[in-house]
Amino acid sequence: QVQLVESGGGLVQAGGSLRLSCTASGRTFSVYVMGWFRQAPGKEREFVGVINWVGGRTAYVDSVKGRFTISRDNAKNTVHLQMSSLKPEDTAVYYCAAAARGGLPQIPSLYDYWGLGTQVTVSS
């Protein structure tokens with residue numbers, strides 16, 4: 001099993017920045033990719049971005065390209081989601097997920113482990 005714990009959410013004004021972190025523990029050797037998803041009230045869970053744990057390749061949903069950046073700290077089993085130029089429509093619960101597969105999956109069902117989520121609220 002792999003446990004994921006997110007941190008760093010909060011309330012920020014539009015145009016501001018936040019950095020989310022996700023720390024993995026347990027059988028982390030089985031993890032190949034780490035993804036970020038978000039879910040706003042009444043909406044489906046949406047892919048935000050993903051990073052390959054070994055090679056560092058990344059992919060993002062179009063709506064966050066140029067504003068969000070995912071990075072990893074292999075020594076600390078931690079990935080970060082740096083969010084800049086935040087907009088009210090970025091408001092959601094953000095979830096970290098881990099998958100024991102290659103590629104850069106963007107579908108929630110392809111992920112094996114999930115964190116509990118952290119709230120991000122962007123005020124206008």
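Side chains included, hydrogens not; waters and symmetry mates left out as well; all remaining heavy atoms used.
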Check whether Tyr60 reaches the backbone of Ile70 with its side chain - one donor and one acceptor, N or O, closer than 3.5 Å.
yes

Set of residues satisfying side-chain hydrogen bond (donor to acceptor under 3.5 Å, both in side chains) with respect to Gln82, sequence neighbours excluded
none

Where is the tightest heavy-atom contact between Val33 and Gly103, given as atom of each residue plus distance?
CG1-O, 3.1 Å

Restricting to pairs with a member in residues 31-98, which pass disulfide bond (SG atoms under 2.5 Å apart), not counting sequence neighbours?
Cys22-Cys96

So, using ring-ring contact (aromatic ring centres under 6.0 Å, His included) as the criterion, who are the partners of Trp53 when residues are at least two apart?
none

If you look at every heavy atom in Gly9 and Leu20, which pair is closest and at what distance?
N-CD2, 3.5 Å

Roughly how far, to the nearest 0.5 Å, is CG of Leu11 from OG1 of Thr121?
6.0 Å

Contacts of Asn74 meeting side-chain hydrogen bond (donor to acceptor under 3.5 Å, both in side chains) (sequence neighbours excluded), chain-then-number -> Arg72

Inter- and intrachain pairs under salt bridge (charged side-chain N to carboxylate O under 4.0 Å, His left out), touching residues 86-103, at least two apart:
Arg38-Asp90, Arg67-Asp90

If the condition is side-chain hydrogen bond (donor to acceptor under 3.5 Å, both in side chains), which residues does Thr91 pass it with, not counting sequence neighbours?
none

Which value, rounded to the nearest 0.5 Å, describes the distance between Ser71 atom OG and His80 atom NE2?
5.0 Å

Between CD1 of Ile51 and OG1 of Thr69, what distance do you get to the nearest 0.5 Å?
10.0 Å

Nearest 0.5 Å please: distance from the CD atom of Glu46 over to the OH atom of Tyr94.
8.0 Å

Mind checking what makes side chain to side chain contact (heavy atoms under 4.5 Å, CB included) contact with Ser30, not counting sequence neighbours?
Val2, Arg27

My understanding is that only residues two or more places apart in sequence, or in another chain, count here; which of them pass side chain to side chain contact (heavy atoms under 4.5 Å, CB included) with Gln1?
Gln3, Tyr113

Please name all residues satisfying side-chain hydrogen bond (donor to acceptor under 3.5 Å, both in side chains) with Thr118, sequence neighbours left out, ordered by chain then number.
none

Donor-acceptor pair, Asp112 side chain versus Ala100 backbone, under 3.5 Å?
yes

Listed partners of Val12 passing side chain to side chain contact (heavy atoms under 4.5 Å, CB included), at least two apart
Leu18, Leu86, Val122

Separation between CG (Leu4) and OG1 (Thr23), nearest 0.5 Å, reads 9.0 Å

How long is the span from the CE atom in Met83 to the CH2 atom in Trp36, to the nearest 0.5 Å?
8.0 Å

With sequence neighbours excluded, give me every salt bridge (charged side-chain N to carboxylate O under 4.0 Å, His left out) pair touching residues 75-85.
none

Is there a donor-acceptor pair closer than 3.5 Å between any side-chain N or O of Glu6 and the backbone N or O of Gly117?
yes

Would you please name every residue forming a ring-ring contact (aromatic ring centres under 6.0 Å, His included) with Phe37, sequence neighbours left out?
Phe47, Tyr111, Trp114

